[in-house]
Number of protein chains: 2
Amino acid sequence: MEKKQNTLFVGSLAKGLRLLRAFDETHTELSLGDLAQRTGLDKSAVQRLANTLHIEGMLDKDPITRRFRPSHAWLELAYAYYWSDQLVGQAIPKLIDLSQDLGETVNLAELSGDHIIYVSRLPCKRTYFAATVIGRRLPALSTSGGRAMIATFPPEEREHAIRTWPLKVFTPQTTLDRDSIRDSINTAVRKGFAISSGQMILSEIGVACPITGPSGRAFAAVQCSVSAHLWTPERVEAEILPRLQDTANAISPSSQAHRH
Amino acid sequence: MEKKQNTLFVGSLAKGLRLLRAFDETHTELSLGDLAQRTGLDKSAVQRLANTLHIEGMLDKDPITRRFRPSHAWLELAYAYYWSDQLVGQAIPKLIDLSQDLGETVNLAELSGDHIIYVSRLPCKRTYFAATVIGRRLPALSTSGGRAMIATFPPEEREHAIRTWPLKVFTPQTTLDRDSIRDSINTAVRKGFAISSGQMILSEIGVACPITGPSGRAFAAVQCSVSAHLWTPERVEAEILPRLQDTANAISPSSQAHRH
DNA sequence: TTCAGCAATATCATAATATGATACTTCACA
DNA sequence: TGTGAAGTATCATATTATGATATTGCTGAA
């Protein structure tokens, strides 16, 4: 079978993780066959691995359909994550204040490679389900939060990100033109925040401020989403931005190292 | 080494999962030695497994302290979980409405064995960090949500739960007396909701309504927490309960099977 | 600076463990 | 009742994980 590098690598464990990652927003319930297909693993291997994950409580098994689903243990992992991320503990009370103050949806996003990931979300109004779920990963270049963070990078890195980081179409308005993304980020460099419209969801305006530590480089951002039917970018800048910026400034990451 | 049952069980995978579970609220950053100690695994095994988890992106490694931490992938798993749990999608918009309406913290709890697990939390006021984190598991008998659910069980099962399910002290007011818990649950049977005081946090009042499907048996509950300094149980029942109950009734689980 | 002590990392012969082909069973649907 | 697809069980084989040991690198004390 495929030889995975050296003796410090446990292949069976890696394969088991592939089963877990086979589940996503469109694959919520998978049979053995589905799992084999999605992971590219042998039928017997999937059988054994899935059985192990089931016994260990990582997968629920529907007794009638025999299909597997993520178990509550997946939420327990998120629980452990939250305690390990100091920034979240720092930020949560201030985000609550902000969301109550603004009456609009407030998010905490962290940089995760070339994507952002929503770590905390406080919905204040009905929105799409996808806008309420934590753990969502989006291309950093396409989000106000990502642009706000990239704007804090040194120029060469900034340019490298603009040139090479991935893009993906979400709405007809999603910008795939890297030059206009560069303009947007340059504006963020000057102004200290980023605004975007309709990138992820049509008629949605996003505004974000970076959370910068002593180094000046941001690994996280506070973001606010509002409806373009009720707001204009100008009003967002006038009414939302000041408090958003105060909140971002008040959340200073404690001195310890950050994930990269 | 320890022989784990049959040939349908992949020991290495199970061991890898043990590493993941070694992280919790008080163990947020673990060295190889820590991991070996907490999992009871051999030093070499831990080295290989942790290395694998790191390569696969499940553990972040601090380059200077060499210690491991949960990675963003743990949130991605939560993300996948949310899409797989139909109840959450059903409930979220209604919970948002409710929290805006009440101006108080609202939670969605599901039954997970003999514990409840918080699946969705909408904090409206500053609270303890622990009260904002999803994935928290608590003994069902000690929470208003758990009692509300148990109250929907057939009498024998109810009694079995009251007699055997675990209890744990969280505050000086946490009830360890199963007779008084039985009283509380019996009240919930009659009234259709449960109220508790100071069980998890001092000076906190919790009120919960079960979410019942066609079978009449609940696997989830909507719960609201308020400060005992500002509320009395009577006022909670008069002012919060009606809207809480409406919300719980409006969230009917779709017909598919539930995790057990 | 040197040294001691500890933890992380690398190596390797061994056999235990995962492998995957195959056969059996169950279930859904015709 | 029959057919096919999917889940389940078995087993001989050698690949893969094992864990003892050696090496390296780091931290703090002398």
Does N107(B) use its side chain to pair, donor to acceptor, with the backbone of A109(B) at less than 3.5 Å? no
Please figure out whether D34(B) or A45(A) has its closest DNA chain C nucleotide nearer the 5' end. D34(B)
Spacing of K15(B) atom NZ relative to dT18(D) atom C1', expressed in whole Å: 8 Å
Heavy atoms from other residues, nucleotides or ligands near CD of Q37(B) exceed 12 (cutoff 6.0 Å): no
Shortest side-chain distance from K43(B), nucleotide among dG19(D), dT9(C), dG20(C): dT9(C)
OP1, OP2 of dT9(C) versus side-chain N and O of R66(B): anything below 4.0 Å? yes
So does S12(B) get a side-chain nitrogen or oxygen closer than 4.0 Å to the phosphate oxygens (OP1/OP2) of dT17(C)? no
Would you mind reading off the distance between F68(B) atom CZ and dA8(C) atom P, rounded to a whole angstrom? 8 Å
For atom CZ of R48(B) and atom P of dT21(D), their distance in whole Å: 15 Å
Calculate the interatomic distance between L13(A) atom CG and dT18(D) atom P; express it in whole Å. 10 Å
Using a distance-only criterion (donor-acceptor N/O pair, under 3.5 Å, no hydrogens), is the base of dA18(C) paired with the side chain of S44(A)? no
With respect to the side chain of L8(A), which nucleotide from dA20(D), dG7(D), dT11(C) is positioned closest? dT11(C)
NE2/H27(B): more than 12 non-hydrogen atoms of other groups inside 6.0 Å: yes
